[in-house]
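This report refers to the structure that appears directly beneath it.
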Amino acid sequence: MSASNSLFIRACKQLPVEATPIWLMRQAGRYMAEYRAVRRHHSLLEICKNPALAAEVTITAAEKLGVDAAIIFADLLLPLEVMGLDFQFTAGEGPVIEQPLRSAESIARLRSDRASDLDYVGEAVRMVAMHFGRRLPVIGFCGAPFTLASYMIEGGGSRHYIHTKRMMYSEPAAWQELMRKLVEVLSEYAAEQVKAGAAALQVFDSWVGCLSPQDYRQFVLPETKALIQKLRGTGVPIIYFGTDTATLLGAMHETGADVIGLDWRIPLDEGWKKLDHGCAVQGNLDPVTLFADWKTVRAAAEDVLRRAAGRPGHIFNLGHGILPETPVENVKALVDFVHEYVGLTAEARRRGEK
Ligand code: CP3
């Protein structure tokens, strides 16, 4: 089976599949002993910048879980560095950008001509794609312009996005220049991942749900659409993911993404309906459910599958990334359960026919 014939890629294209494909955001991460073992000797950025290590971490997680796609191990913030913003990951606090963007001048100084310095990610994609050959598709990814801009302006994670929104409202020309530069860098960076063998791309707009639909349309949709349209030109399916997006789904659909990622705050069938079933959907089990007993996890997973109702174009995933401390055995059992679910209903169907 070639990557383009895989369950995952067919589901991205809303084609019928024999079983619901599943992969999990942050499937390689601290909840997994194998990842923690690598992290004892290397920082997060060292792993990202060493293609052999990034490939190893990607492959180990995908093989251990038996998922239907391998997402390349990298981080959303890597493009900041080539644009001229240095950052670090501090233990327990997440990313910290040393000199956040707070003025039009600092935006004017950003470089947008060095995406090729991120070629180590492409190299890691190449190694993973070589390893899996036709067996498993590799997902490349990048951040969406809004979510990356929010990190650049806030200097890290944020609760209210005050600096970001202030820039958006009071310096619209500078805001637009920032979004335009991000699209330039991200489109080149993600397209390189496809050249290296990525069979699909996910655009992470993790924090876009802090915006009203009007603001999303005015300040974010045009550039995000431009990015997604450029990426569709590479020929691979594009997944566009955000959290807290129940009121934004219609506008997000206008980007032309092949797949929209849903978080758990909206029931999957309601979310899909808001998209007029006009694209595939990915999601949407609450990642915290995985901390419960297996019976609860199983019932919640079954609920997601029932809401998808066998309609072509569902990719099972969590509504956001796996959290550290998540019990690995529940994650593995979830993957097996999703794979067997169609098996069970097919069996039930056969029994019914007799
Ligand atoms: O999904 C995968 O398995 C691929 C790897 C991956 C990482 N980051 C590695 C990572 C992916 C897809 C990302 C994307 C990413 N990075 C996002 C978007 C996804 C989301 O969660 O919304 C964001 C917002 C970031 C920025 C980022 N990186 C933060 C906020 C943090 C700190 C929070 C935390 O979990 O500690 C990171 C660190 C990070 N990136 C880790 C991993 C596995 C965890 C820490 C580590 O090993 O130190």
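Remember, it's 1-based here, ligands and their atoms both numbered in the order they're listed.
The distance criterion of under 3.5 Å between nitrogen or oxygen atoms is met by R30 with respect to ligand 1. Remark: ligand 1 and A28 share an N or O pair separated by less than 3.5 Å (distance only, no angle test). The distance criterion of under 3.5 Å between nitrogen or oxygen atoms is met by Q27 with respect to ligand 1.
The CD1 atom of I47 lies 10.5 Å from the NE2 atom of H41; values are rounded to the nearest 0.5 Å. To the nearest 0.5 Å, the span separating OG on S187 from CD1 on I228 amounts to 12.0 Å. Separation of atoms CG (L110) and CD (E105) is listed at 12.0 Å; rounding is to 0.5 Å.
Taking a 4.0 Å cut-off on heavy atoms, Y35 registers as neighbouring ligand 1. Within the 4.0 Å heavy-atom cutoff, G321 does not count among the residues contacting ligand 1. Residue contact annotation: Q202 has no non-hydrogen atom under 4.0 Å from ligand 1.
When each atom of ligand 1 is checked for a heavy atom of F73 under 4.0 Å away, the hits are 5 (C), 9 (C), 43 (C). Within ligand 1, the atoms closer than 4.0 Å to a non-hydrogen atom of S206 are 18 (C), 19 (C), 20 (C), 22 (O), numbered from 1 in the order shown.
Of all protein heavy atoms, the one closest to atom 29 (C) of ligand 1 is P95 CD, 3.7 Å. Protein heavy atom closest to atom 1 (O) of ligand 1, with residue, atom name and distance, is R26 N, 2.6 Å. Protein heavy atom in closest approach to atom 21 (O) of ligand 1: H320 NE2, 3.1 Å. Of the protein's non-hydrogen atoms, the one nearest atom 11 (C) of ligand 1 is F141 CZ, 3.6 Å. Looking at atom 24 (C) of ligand 1, its nearest protein heavy atom turns out to be Y151 OH, 3.3 Å. The protein atom (non-hydrogen) at minimum distance from atom 38 (C) of ligand 1 is L44 CD2, 3.5 Å.
Of all the heavy atoms of I72, the ones lying under 4.0 Å from any atom of ligand 1 belong exclusively to the backbone. Proximity of A74 to ligand 1, defined as any heavy-atom pair under 4.0 Å, is confined to the backbone N, CA, C and O atoms. Of all the heavy atoms of L76, the ones lying under 4.0 Å from any atom of ligand 1 are found in both the backbone and the side chain.
Between H320 and W207, the distance from one ring center to the other falls under 6.0 angstrom.
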Fill in: Intermediate values then yes/no, side chain to side chain donor-acceptor pair (under 3.5 Å), H339 and E18
CA-CA 9 Å; H339 282 152; E18 312 79 78; over 6 Å; no
Practice prompt. Please lay out, stage by stage, how M152 and I97 fare under the test side-chain contact (heavy atoms from CB on, under 4.5 Å).
Written response: CA-CA 7 Å; M152 295 168 112; I97 287 89; 6.0 Å; no
Fill in: side-chain contact (heavy atoms from CB on, under 4.5 Å) evaluation trace for Y35 with V57
CA-CA 7 Å; Y35 177 76; V57 167; 3.6 Å; yes
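Residues L334 and F316 form a side-chain contact, since some pair of their non-hydrogen atoms from C-beta on lies under 4.5 Å apart. Within the 4.5 Å cutoff, the side chain of F219 has heavy atoms near those of the Y169 side chain. Two residues are said to be in side-chain contact when any heavy atoms from C-beta on lie closer than 4.5 Å; Y341 and R306 meet this criterion.
Annotation: cation-pi pair R311/W272 present, NZ/CZ under 6.0 Å from the ring centroid and within 45° of its normal.
For the residues F241, F204, F89, the heavy atom positioned nearest atom 19 (C) of ligand 1 is part of F204. For atom 32 (C) of ligand 1, the choice among A144, G94, A62 with the nearest heavy atom turns out to be G94. Which of R39, M32, R36 comes nearest to atom 48 (O) of ligand 1 through a heavy atom is settled by distance: it is R39. The residue from I71, D75, I47 that puts a heavy atom closest to atom 10 (C) of ligand 1 is D75.
Classified by interplanar angle (parallel below 30°, tilted 30° to 60°, perpendicular above 60°), the ring pair F241/F204 is perpendicular.
Around the CD atom of E325, the shell of radius 6.0 Å holds no more than 12 heavy atoms that belong to other residues, nucleotides or ligands.
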